[in-house]
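See structure below.
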Amino acid sequence: MLKTIASQIKEFKRDSILTPVMMLAEVAVEMVIPLMMASIIDHGVTAGDMGHIRYVGLWMLLMALIGLLTGSLGAKFGARASAGLARNLRQTMYENIQTFSFSNIDKFSTAGLITRLTTDVTNVQNAYMMLLRMCIRAPASLIVAMLMAFSINARLASIYLVAVVVLALFLFLIMSRAMKYFRQIFHKYDDLNASVQENISAIRVVKAYVREEHENQKFRTASQNIYKMFLSSEKIVSWVFPLMNATVYICILLISWLGAKMIVSSALTTGELMSLLAYCMNILMSLMMLSMVFVMLSMSMASAERISEVLNETPDLQNPDQPIFDVADGSVEFKNVAFAYRKDSDEPVLKGINLSVKAGETIGILGGTGSAKTSLVNLISRLYDVTQGQVLVGGRDVREYDMEALRNQVSVVLQKNVLFSGSILDNLRWGDAEATEEECVRACQLACADEFVQKMPDGYHTHIEQGGSNVSGGQKQRLCIARALLKKPKILILDDSTSAVDTATDARIRAAFAQEIPNTTKFIIAQRVSSVAEADRILVLDDGRISGFDTHERLLETNAIYRDVYESQTSGGDFDEGGAD
């Protein structure tokens with residue numbers, strides 16, 4: 001884990017080295033000043049030597065300025081190193097997430113990934129800053145101050161030694177108890193973020209069903225859980241500072257009392273006592289800083305583990321050593337295919353799939369909910385790998401292709417489509433970044449989207465809100481179909497992507513496909529028989545198996561499932577036939 005995090009320091013190694021160097025220089029200066037102060041008292045004030053006071057005083061001023069400079073530089077280098085580490089962690093995590101296959105993404109919740117990219121990285125950033133500055137400065141200051149104190153008077157300095165041992169024991173006990181709470185807190189943050197994300201993305205549904213109070217209660221519960229966890233941990237950590245203060249005051253009282261006795265017996269000078277008190281404060285302040293470092297490191301260790309999980313996650317799907325970059329055509333063949341989302345799954349989602357589709361064919365896919373229609377088409381563009389058998393595209397196993405080259409030849413339009421904030425043209429050019437406006441218009445005409453785009457205030461330059469909230473479901477689906485067409489794919493997959501479109505418009509879209517892209521293989525997943533009736537062949541799936549694969553007319557004669565669906569949908573007629581969305 002630590003090696004994974006440390007690998008992201010990269011170009012900030014120099015700052016990471018200079019920070020502790022500056023901190024050590026600051027400590028060295030601070031340790032000299034009490035000795036100079038003792039010299040002023042013993043050889044200047046007591047002896048009435050103003051020249052000595054001025055001389056040593058100037059040196060003290062110089063040391064203070066050097067300490068200020070080294071401390072400022074240490075803060076500057078530390079801030080740059082910690083902020084740079086945070087930047088690299090976020091960037092590397094984000095880039096690694098982009099390489100994940102669907103099976104990798106399934107391991108992490110969206111809210112969990114957001115927490116890792118934000119809260120967890122911030123915790124690690126703060127801890128790294130503390131590590132570079134305080135974790136170097138505090139132990140160095142403690143050790144040097146202890147040595148200086150023993151060099152002045154070993155008997156009085158032994159008080160510090162006892163105090164350090166006692167405090168270290170208490171700190172260890174406190175931090176070990178607090179750590180178990182810190183490990184749990186950030187999983188609670190995932191629940192909080194999930195509540196916020198779900199509420200905001202579905203705000204229309206929340207308001208339509210008047211569920212605001214229910215959602216508020218969910219958020220309160222998630223927030224209360226974090227509050228309770230932090231409260232439990234803070235109750236434990238809160239003992240640190242009273243213990244520190246008690247130790248400081250006891251040490252000062254003991255040193256003052258014993259030191260005064262020794263001054264009376266001439267075993268100690270007044271200047272030496274002042275130096276010992278100064279070193280006492282240095283030692284105990286160092287311990288206090290170390291306790292803060294331990295608290296921060298305890299919190300950040302849990303965050304570092306969660307970040308490492310994402311950084312160390314390797315994509316389940318990999319390119320072959322010598323990938324194929326050219327997809328010959330849009331032919332698709334399934335050979336004895338079985339598929340399960342989990343390797344240890346008892347029952348595969350797809351079983352014994354054998355079918356062959358020629359380039360340019362239009363294939364309709366029907367089946368009940370959970371019949372694995374989407375799972376089947378996901379294998380074509382290798383979003384998942386088969387558990388058993390082969391999927392061939394253009395006569396070659398999809399595992400032989402470069403994944404980017406394969407997916408560039410397979411356009412997928414989902415039922416739940418996503419539009420991004422930006423203009424309509426910006427969204428369309430996801431299909432082809434170099435597409436001209438004329439090409440975008442043509443794609444929209446094929447998808448029956450041009451008619452409503454032209455009516456918008458700024459036409460194709462109209463701004464789309466995040467998630468496409470300012471367009472209807474049917475309009476969003478048609479824009480996404482146009483976006484897919486701009487890729488000029490060899491295979492086009494419509495995954496129930498005309499469900500929000502009326503049957504008349506659906507028919508016009510299918511007619512445009514037949515006329516304009518005859519050589520593109522088309523897979524149309526639909527719930528309506530009317531959407532696939534004119535397909536070259538129709539695949540009927542039932543519980544992950546092929547129930548029928550033939551033309552509309554033949555399936556009506558030979559397949560009971562297809563016949564039942566057809567009769568149930570045509571007995572009352574399509575209510576939206578000829579309508580508008």
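Residues: numbered from 1 along the sequence shown.
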Show your working on side chain to side chain contact (heavy atoms under 4.5 Å, CB included) between E437 and H461 and close with a plain yes or no.
CA-CA 10 Å; E437 187 167 342; H461 298 278; 3.7 Å; yes

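- Contact annotation: the side chain of L311 approaches that of L89 to within less than 4.5 Å [non-hydrogen atoms, C-beta and beyond].
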Apply side chain to side chain contact (heavy atoms under 4.5 Å, CB included) to R483 and L419, showing your working.
CA-CA 10 Å; R483 181 173 67 187; L419 293 176; 4.0 Å; yes

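- Looking only at distances, no side-chain donor or acceptor of K522 sits under 3.5 Å from a matching main-chain atom of R510.
- L486 has its side chain within reach of C440: a pair of non-hydrogen atoms, C-beta onward, lies under 4.5 Å apart.
- With values rounded to the nearest 0.5 angstrom, E305 atom CD is found 10.0 Å from I5 atom CD1.
- In this structure, K487 and R407 approach most closely via the heavy-atom pair NZ-O, 2.8 Å.
- Put simply, OG1 on T92 and CD1 on I97 are 11.0 Å apart, with the number rounded to the nearest 0.5 Å.
- With a 6.0 Å radius and a threshold of 12 heavy atoms from other residues, nucleotides or ligands, E11 has its CD atom above the threshold.
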Result block: side-chain N/O donor-acceptor pairs under 3.5 angstrom for residues 443-453, not counting sequence neighbours:
| from | atom 1 | to | atom 2 | distance (Å) |
| --- | --- | --- | --- | --- |
| Q445 | OE1 | R442 | NH1 | 3.3 |
| D450 | OD1 | Q454 | NE2 | 3.0 |
| D450 | OD1 | Y460 | OH | 2.6 |
| E451 | OE1 | R508 | NH2 | 2.7 |
| E451 | OE2 | R478 | NH1 | 3.4 |

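- What you find for D496 and A526 is that their closest heavy atoms are OD1-CA, 4.0 Å.
- Considering only heavy atoms from C-beta on, T362 comes within 4.5 Å of I524 through its side chain.
- The side-chain heavy atoms of K358 and D536, taken from C-beta on, include no pair separated by under 4.5 Å.
- Taking CD1 of I538 as the start and OG1 of T551 as the end, the distance is 7.5 Å to the nearest 0.5 Å.
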Could you give me the CA-CA distance, side-chain angles and deciding distance for I546 and L541, then say whether side chain to side chain contact (heavy atoms under 4.5 Å, CB included) is met?
CA-CA 5 Å; I546 296 177; L541 288 175; 4.1 Å; yes

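- Between K10 and R87, the closest side-chain pair of non-hydrogen atoms is not below 4.5 Å.
- In terms of modelled atom types and a separation under 3.5 Å, the side chain of R90 and the main chain of L117 share a donor-acceptor contact.
- Using a 4.5 Å heavy-atom threshold, the side chains of R399 and Q390 count as touching.
- Atom CD of E534 is surrounded by 12 or fewer heavy atoms from other residues, nucleotides or ligands within 6.0 Å.
- With rounding to the nearest 0.5 angstrom, the CZ atom of F334 is 5.5 Å from the CG atom of L355.
- Although no hydrogens or angles enter the test, the distance criterion places no donor-acceptor pair under 3.5 Å between the side chain of S82 and the main chain of M129.
- Note that CG of N123 and CZ of R116 are 13.0 Å apart. Values are rounded to the nearest 0.5 Å.
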Is there a salt bridge (Lys or Arg N to Asp or Glu O under 4.0 Å) between E215 and K218 once you walk through the steps?
CA-CA 5 Å; E215 290 297 310; K218 277 175 60 179; 3.8 Å; yes

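- Within 6.0 Å of NZ on K228 lie no more than 12 heavy atoms contributed by other residues, nucleotides or ligands.
- Summarising the geometry of V393 relative to I380, their closest heavy-atom pair is CG2-O, 3.9 Å, with the distance given to 0.1 Å.
- Among all heavy-atom pairs drawn from V540 and I561, the shortest one is CG1-CG2, 4.0 Å.
- Within the 3.5 Å criterion, the main-chain N or O of I114 finds a donor-acceptor partner in the side chain of T118.
- Y384 meets the ring-ring contact (aromatic ring centres under 6.0 Å, His included) test with F102, F339, Y341; sequence neighbours excluded.
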Using side chain to side chain contact (heavy atoms under 4.5 Å, CB included), reason through K490 and T521 one step at a time and then give a plain yes or no.
CA-CA 6 Å; K490 288 185 169 68; T521 306; over 6 Å; no

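- The environment of CZ in F420 is crowded: more than 12 heavy-atom neighbours from other residues, nucleotides or ligands sit within 6.0 Å.
- Counting heavy atoms from C-beta on, the side chains of L350 and L379 come closer than 4.5 Å.
- For the residue pair S300 / Y128, no side-chain donor-acceptor distance below 3.5 Å is found, with atom types taken as modelled.
- Residues E95 and Q91 have side chains that bring a donor and an acceptor to within less than 3.5 angstrom of each other.
- Between the side chain of N96 and the backbone N or O of V310 there is at least one donor-acceptor pair closer than 3.5 Å.
- Among all heavy-atom pairs drawn from W430 and D426, the shortest one is CD1-O, 3.2 Å.
- A distance-only check finds no donor-acceptor pair linking the side chain of D326 to the backbone of A328 [under 3.5 Å].
- When the side chain to side chain contact (heavy atoms under 4.5 Å, CB included) test is applied to I324, the partners found at least two apart in sequence or on another chain are R396, E400, Y401.
- A salt bridge links D543 with K351: at least one charged nitrogen is closer than 4.0 Å to a carboxylate oxygen.
- Looking at S568, its side chain does come within 3.5 Å of a backbone N or O of V565 through a donor-acceptor pair.
- Taking the six-membered ring for Trp and thresholds of 30 and 60 degrees, F108 and F100 have nearly parallel ring planes, at less than 30 degrees apart.
- Between the side chains of D542 and S547, no donor N or O sits under 3.5 Å from an acceptor N or O.
- Looking only at distances, a side-chain donor or acceptor of K373 sits under 3.5 Å from a matching main-chain atom of G367.
- Taken to the nearest 0.5 Å, the CG atom of D397 stands 9.0 Å off from the NZ atom of K335.
- Scanning all heavy atoms of the two residues, the minimum distance from I509 to I481 falls at CD1-CD1, 4.4 Å.
- Panel note: side chain T387, backbone A340; a donor-acceptor pair is recorded below 3.5 Å.
- Side-chain atoms of Q569 come within 3.5 Å of backbone N or O of Q527 as a donor-acceptor pair.
- Annotation: Q98, atom CD; neighbour count of heavy atoms from other residues, nucleotides and ligands within 6.0 Å is above 12.
- Around atom CD of E213, more than 12 heavy atoms belonging to other residues, nucleotides or ligands sit under 6.0 Å away.
- The side-chain heavy atoms of R220 and Q217, taken from C-beta on, include a pair separated by under 4.5 Å.
- The side chain to side chain contact (heavy atoms under 4.5 Å, CB included) test with F523 singles out one residue from V410, L492, V332, D495, and that residue is V332.
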